[in-house]
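First the structure, in the form of structure tokens, and then the observations on it.
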Amino acid sequence: MRAGSDSVLELLPMVFAAPNEALARAREVLATGCSPLHASVAHQVIGIWQRDFGDLRIALHHLRRARDLAARADSAEREADVLGTLGVALVHAGRTRQGLAAFDRGVARGTGHTRARVRYRRAYVWWVLGHHREALEDVRRAIPVLRQADDVIWTARALTLRATVHLALGAVERADADFTAAEALWETTGQEHDKADAVESRGLAAFRSGDVPAALRLLDEAEERYAKLGTPTFMLNIRRCEVLMAAGLAPEALAEADAAIAVLDGMGGQSTRKAELLLAAARAARLAGDPHTAIARAAVAVRLFAGQRRTWWETHARLVLIEARVAAGRCSGRLVADAAAVAERLASFGAPAAPEASLLAGRIALALGWTADAERHLAVAARSRHSGPPLARMTGWAAQALRARAAGSARGVLEACRRGLDVLDDHRMTLGASELRARATEQGAELAALAQRASVAGGGPRRLLVWSERWRATVLSAPPTRPPADPALLSGLTAFREIAARAEAARWEGRPIPALEREQRRLEREVRSRTLHIRGDVPGDGHRFDVARLLARLGGTLLVELAVLDGRVQVLLCGRGRVRRFEGGLLAEAEVEAEHVQAGLRRLAHPGAEGRLPVVEAAGRRLEELLLGPAAACLGPGPVVVVPPARLHRVPWALLPSLRERVVSVSPSASSWLRARETEPPRGGGQVLVRGPGLATGGAEVPEVADRYPEARVLEEEDARVPRVLRELDGAALAHIAAHGTFRADSPMFSSLRMADGPLIVHDFERLDRSPYRIILSSCDTARLASVGADELLGLVTALLPLGTAGVVASSAPVNDAAVVPLMLALHKGLGAGLSLAEALRDARAALPGDALHQATGWAFTAFGAA
């Protein structure tokens, strides 16, 4: 390029169309010598690139140089344009006063079209600073001039900015109209970076309107576009953190924010973005249950925002700081005053977070016994219950419930909790992925707990049962939504399985596998991302749990539902026409004993550990005292269904003395048991027997079990590949899978069974039209589940129950392969005699040899459901 060429002027729009090419060409202009005017353009291009994608100190150097060269060229319009760019950089560097002064000079120096561009940039800075009214005024004055000049690019930018400001003020419909108009303009340009920004902005709008799956999909699409341009994505990181937190994925949000901060620090990037990322990290840490990290991040964010003169942002950071201090156990009149001041300031900004701050002030005041102050603050927060996005309305209903509790109205508490949980129910059903549905329930945990307390204080055991069921295992209430044959998802699952199989083979051969593990993690992220994009298409059925219906269906069976209230187990015995309540021990102590039992079962899975048997049995007796208490003496002679809280899912219930000799099954909820009880077997469904590779016994029970079912389809060796296994499982009456099981605590939806071509994971099971009516998983850890959300479980078993499976037998601990064989043969003998899974499992345990190894194997397996 010749320095004097008019094409130098094309570099400014190019910096957001092809940033790296624009940078290279600007450097070429400066290297070949050029006029002050063109040198000013080149330095401005380099300054913009460094400001947005590189080192802010270098950016300021180039932009000041561009300003001085524009003055030397005696071009007021050129100088005004550079001053607008310089103003943005100064504000991002935390030099707010200098930045605003640069804008004032730029507006004074420029005219017409140039002045409109400067006003747009100043509007952007007002938005960064949190001065939304000033931002709207500047952009309002800029848009008509830009349109009149037929400046498509800058008009689209101004519309996008105005939409973003509207979102910050909660005006979602106005924002959507501006985003739509801007996107139509972007399609007529080659501004690839701006197009990516438009997609990102639509993701933000989708989130603000309550569509979390669409928000995640659009933000991922924007990230792919940015990646092709090779540009950093700090604003995208901040927005995705916000969406992840709303989806109940706070740990992921914290990891993303911290990683982005590290990259930003390493490149000397914008201090404004660092402050925003610190605020996102503080919010995420608080939601992830790490208040001390939240306090540290929020305190730094407050200092940075204050130094940058960003009052709107500083106030939001102060809200998170107060929330984190309360979560860390602090409670004082000073915190009430601070929260009230934050709420007042947020309200003056028109910020949607104002009710959240009022709710916080009311909560702290209630804890201090300041009922009059609490009522004042809670009344303000409660106004948000009738309008706005779902989480804002839930804030209002939580405030209303606390008001009713303070006034001594149990009926008022229950009504507010019901209305708030209805809002969250509607929100959950917009989520297609079972993982998101499960994690979203955490946002209703406080309302559910308030309702349970009110039930105990003002009602009988039946009311407590109803509210225990209201927010338990809700993810099982409807099947996950599946896209119709999504080719990208299917391709990702196939690639993941291939890489996982290669990594497993390399481990067995002792070969290094870091590259394979990296690729496996990448594919896992891709598969998970695609499943999180799925929007729910199953409306809530409006079903309300009916105690009378449960009691009628139980017949001679007793259902034992364990609720947890203020850390203590409440035992609800349901059957024989009534519900009785007993008090158990502390949940925390029961969890410790359950872990002791699990450790003992792991030891007993190996020969020579017989000495541990008395220890395990003693732990089982202590578990019974903690979990059942005096209710153990009232169980009677019949079958028992146990409905434990999610945190006790690993208890081997057959080990408890009062349950050891009886028919016992487990269900995530009473509602889930009812659905399983009323599920009809599929017509014409046969038996499927699957034998995976690598078992110590070679899956020795499968050939013998096959002799019991002459029509059974047996899949082994190369036939036991995931696509074939899924086809045969779909709609089967009975399935038996002998395969190595792996539980993934870090990512439960990737818990798996090992097939010939790699892992069969939870996501695969969720693609079934109808899972087997009965399924037996004779594998280690197949009943292990992850406790998430308010009281939800994720794993292999819970993937099957919403899809038509009425009964599952699975193991919650590692088991001895050889000892499993006689247990499985005895189990199928019972099924052949017409017994249910729970009945057959009870008899199979009794038929095993009496040594410690076989006893531990029997205890490790549990029957789930009602078939």
Side-chain angles (χ1 to χ4, degrees), residues 15-16 19-20 23 47-60 85 88-96 99 121 124-125 127-130 157 160-161 164-165 167-168 191-204 207 215-216 218-245 249 252-285 297-298 300-301 303-305 307-308 310 312-314 316-317 320:
V15 78
F16 290 108
N20 294 330
L23 176 67
I48 291 171
W49 192 99
Q50 290 289 352
R51 181 195 69 193
D52 291 350
F53 315 127
D55 191 317
L56 203 50
R57 290 167 298 181
I58 297 173
L60 289 172
T85 306
V88 174
L90 286 166
V91 170
H92 276 313
R95 303 177 191 181
T96 302
R121 294 183 182 117
Y124 165 79
V125 159
W127 170 70
V128 169
L129 295 173
R157 287 173 181 166
T160 301
L161 174 60
T164 306
V165 177
L167 281 183
Q191 298 295 110
E192 297 306 320
H193 193 275
D194 284 309
K195 287 181 182 179
D197 182 69
V199 175
E200 178 187 334
S201 297
R202 282 199 294 118
L204 179 63
F207 170 60
L216 290 170
L218 289 163
L219 293 179
D220 285 349
E221 180 186 337
E223 183 178 38
E224 291 173 7
R225 290 174 177 248
Y226 288 130
K228 291 176 182 176
L229 298 171
T231 57
T233 57
F234 300 115
M235 196 67 236
L236 176 70
N237 295 134
I238 294 164
R239 287 169 171 170
R240 184 155 50 205
C241 285
E242 193 174 0
V243 179
L244 289 172
M245 284 184 271
L249 302 172
E252 287 91 333
L254 177 58
E256 176 147 347
D258 282 348
I261 290 168
V263 172
L264 191 67
D265 284 344
M267 64 191 292
Q270 302 168 356
S271 68
T272 50
R273 289 288 176 259
K274 180 174 180 177
E276 292 163 27
L277 284 164
L278 282 165
L279 175 56
R283 284 177 172 150
R297 301 282 197 282
V300 178
R303 288 197 298 273
L304 284 175
F305 286 133
Q308 295 162 3
R310 300 171 72 188
W312 188 90
W313 290 95
E314 179 190 349
H316 281 80
V320 178

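Just so you know, these numbers come straight off a predicted model, no measurement behind them.
- Comment: Lys228 does not engage Glu224 in a salt bridge, judged by the lack of any side-chain N to carboxylate O separation of less than 4.0 angstrom.
- Taking CD from Glu256 and CD1 from Ile238, the interatomic distance works out to 10.0 Å, rounded to the nearest 0.5 Å.
- A salt bridge is absent between Asp197 and Arg157; no separation between the charged side-chain nitrogens and carboxylate oxygens falls under 4.0 Å.
- Taking every heavy atom of both residues into account, Ala222 and Val199 meet most closely at N-CG1, 3.9 Å.
- For Ala284 against Met245, the heavy-atom pair with the smallest separation is N-SD, 3.4 Å.
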Exercise for the section: Given side-chain contact (heavy atoms from CB on, under 4.5 Å), test Gln270 with Glu276 step by step and report yes or no. Expected result: CA-CA 10 Å; Gln270 302 168 356; Glu276 292 163 27; over 6 Å; no
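- Residues Arg273 and Asn237 are not in side-chain contact: their nearest non-hydrogen atoms beyond the backbone lie 4.5 Å or more apart.
- Leu277 CG to Met235 CE: the interatomic distance, rounded to the nearest 0.5 Å, is 8.5 Å.
- Salt bridge present: Glu192 and Lys195 bring a charged side-chain N and a carboxylate O closer than 4.0 Å.
- Contact detail for Leu304 and Ala275: the closest heavy-atom pair is CB-CB, 3.8 Å.
- Heavy atoms only, all atoms of each residue included: Ala196 and Tyr226 are closest at CB-CE2, 3.5 Å.
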Practice task
Step by step, work out the side chain to side chain donor-acceptor pair (under 3.5 Å) result for Thr272 and Gln308.
Solution key: CA-CA 8 Å; Thr272 50; Gln308 295 162 3; 5.7 Å; no
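- Taking 4.5 Å as the limit, every side-chain heavy atom of Leu56 sits out of range of all side-chain heavy atoms of Gln50.
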Exercise for the section: Please report the C-alpha distance between Phe234 and Val263 in whole Å, then the side-chain angles of each, then the deciding distance to 0.1 Å, and finally whether the side-chain contact (heavy atoms from CB on, under 4.5 Å) criterion is met. Expected result: CA-CA 9 Å; Phe234 300 115; Val263 172; 3.9 Å; yes
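- Side-chain atoms of Arg310 do not come within 3.5 Å of backbone N or O of Gly130 as any donor-acceptor pair.
- Residues Pro19 and Thr231 share a closest heavy-atom pair of CG-CG2, 3.8 Å.
- Summarising the geometry of Leu229 relative to Asn20, their closest heavy-atom pair is O-ND2, 3.2 Å, with the distance given to 0.1 Å.
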Exercise for the section: Check step by step if side-chain contact (heavy atoms from CB on, under 4.5 Å) holds for Glu200 and Leu218. Expected result: CA-CA 6 Å; Glu200 178 187 334; Leu218 289 163; over 6 Å; no
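- Under the 30°/60° scheme for interplanar angles, the aromatic rings of Tyr124 and Trp127 are found to be tilted.
- Side-chain contact between Asp55 and Met267 is absent, with no heavy atoms from C-beta onward closer than 4.5 Å.
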Exercise for the section: Start with the C-alpha gap between Val243 and Leu204, add the side-chain angles, then the distance that decides, and say whether side-chain contact (heavy atoms from CB on, under 4.5 Å) holds. Expected result: CA-CA 8 Å; Val243 179; Leu204 179 63; over 6 Å; no
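- The only member of Arg239, Arg240, Arg225 that meets salt bridge (charged side-chain N to carboxylate O under 4.0 Å, His left out) when paired with Asp220 is Arg240.
- The aromatic rings of Trp313 and Phe305 sit parallel to each other, their planes meeting at less than 30°, with 60° as the upper class boundary.
- Note that the OG atom of Ser201 and the CG atom of Leu219 stand 9.5 Å from one another [nearest 0.5 Å].
- With contacts defined as side-chain heavy-atom distances shorter than 4.5 Å, the pair Ile48/Phe16 qualifies.
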